Amino acid sequence: QVQLVESGGGLVQPGGSLRLSCAASGSIVSINGMGWYRQGPGKQRELVASITSGGGTDYAGSVKGRFTISRDNVKNTVYLQMNSLKPEDTAVYYCYGNIVTLGTTGDHWGQGAQVTVSS
């Protein structure tokens, strides 16, 4: 079994910062790509940022220059540093990892972390 546990969400004022963490645990052999999606009120889920096992990154245009994704391959953890937050960043943020276990490879998801940007 594999679990992804998120932490770091909360309420922040516009212009503020938050850091999300997502730690994977269980019978993990290795982790390929990891990343973050978000789903705002009344919106479809969208990809925010992704990172390969080698550290290559990609960002949605709406967050480029404000958000930074990183990962610690020893701790099996992915991070999302969010700066200059805007009200439109309000959403539930979900982490994912494409994880190799004994015999299988597949996508696993975190439980979601609420991020609210409001004054």
Side-chain angles (χ1 to χ4, degrees):
Q1 294 88 350
V2 173
Q3 281 189 317
L4 275 71
V5 178
E6 302 180 29
S7 59
L11 173 65
V12 63
Q13 292 186 340
S17 298
L18 280 176
R19 188 191 196 208
L20 300 179
S21 300
C22 173
S25 62
S27 303
I28 298 170
V29 174
S30 63
I31 304 179
N32 298 318
M34 302 185 80
W36 296 89
Y37 279 76
R38 68 184 180 186
Q39 187 164 17
K43 298 181 180 179
Q44 290 188 332
R45 188 176 292 195
E46 63 173 346
L47 178 64
V48 176
S50 62
I51 185 167
T52 67
S53 57
T57 60
D58 195 20
Y59 296 92
S62 59
V63 307
K64 198 170 292 185
R66 300 189 297 122
F67 291 11
T68 302
I69 189 171
S70 60
R71 64 190 283 174
D72 184 327
N73 291 331
V74 174
K75 295 181 178 179
N76 289 333
T77 300
V78 62
Y79 306 95
L80 186 67
Q81 177 66 44
M82 303 182 291
N83 298 329
S84 301
L85 282 160
K86 304 175 181 180
E88 51 263 44
D89 294 317
T90 295
V92 178
Y93 285 71
Y94 299 91
C95 69
Y96 77 89
N98 184 257
I99 296 175
V100 181
T101 62
L102 291 174
T104 67
T105 300
D107 288 340
H108 297 264
W109 294 85
Q111 79 281 8
Q114 177 68 49
V115 172
T116 302
V117 185
S118 175
S119 55

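Nothing here was measured: the structure is a model prediction, and the numbers come from that model.
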Full working for side chain to side chain contact (heavy atoms under 4.5 Å, CB included) between Asn73 and Arg71: CA-CA 6 Å; Asn73 291 331; Arg71 64 190 283 174; 2.7 Å; yes
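Contact between Thr77 and Lys75 at its shortest, heavy atoms only, is OG1-O, 3.0 Å. Of all heavy-atom pairs spanning Val115 and Met82, the tightest one is CG2-CE, 3.9 Å. When every heavy atom of Cys95 is checked against every heavy atom of Leu4, the shortest pair comes out as SG-CD2, 3.7 Å.
The number of heavy atoms from other shown groups lying within 6.0 Å of CD (Glu88) is above 12.
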Tabulate below the donor-acceptor pairs under 3.5 Å that side-chain atoms of residues 8-36 make, not counting sequence neighbours, or state none.
residue : atom : partner : partner atom : Å
Ser17   : OG   : Asn83   : OD1          : 2.9
Asn32   : ND2  : Asn98   : OD1          : 2.8

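Here Lys43 pairs with nothing under the side-chain contact (heavy atoms from CB on, under 4.5 Å) rule; sequence neighbours left out. Applying the salt bridge (charged side-chain N to carboxylate O under 4.0 Å, His left out) criterion to Arg38, with sequence neighbours excluded, gives Glu46, Asp89. Listed by chain and number, the residues in a side chain to side chain donor-acceptor pair (under 3.5 Å) with Thr101 are Thr104 (sequence neighbours excluded).
Without hydrogens or angle criteria, Thr116 side chain to Thr90 main chain gives no donor-acceptor distance under 3.5 Å.
The ring-ring contact (aromatic ring centres under 6.0 Å, His included) pairs that include a residue from residues 42-71 number zero, where partners must be two or more places apart or lie in different chains.
Clustering of Ile, Leu, Val, Met, Phe, Trp and Tyr side chains at separations under 4.5 Å places Tyr37 together with Leu47, Val92, Tyr94, Tyr96, Trp109.
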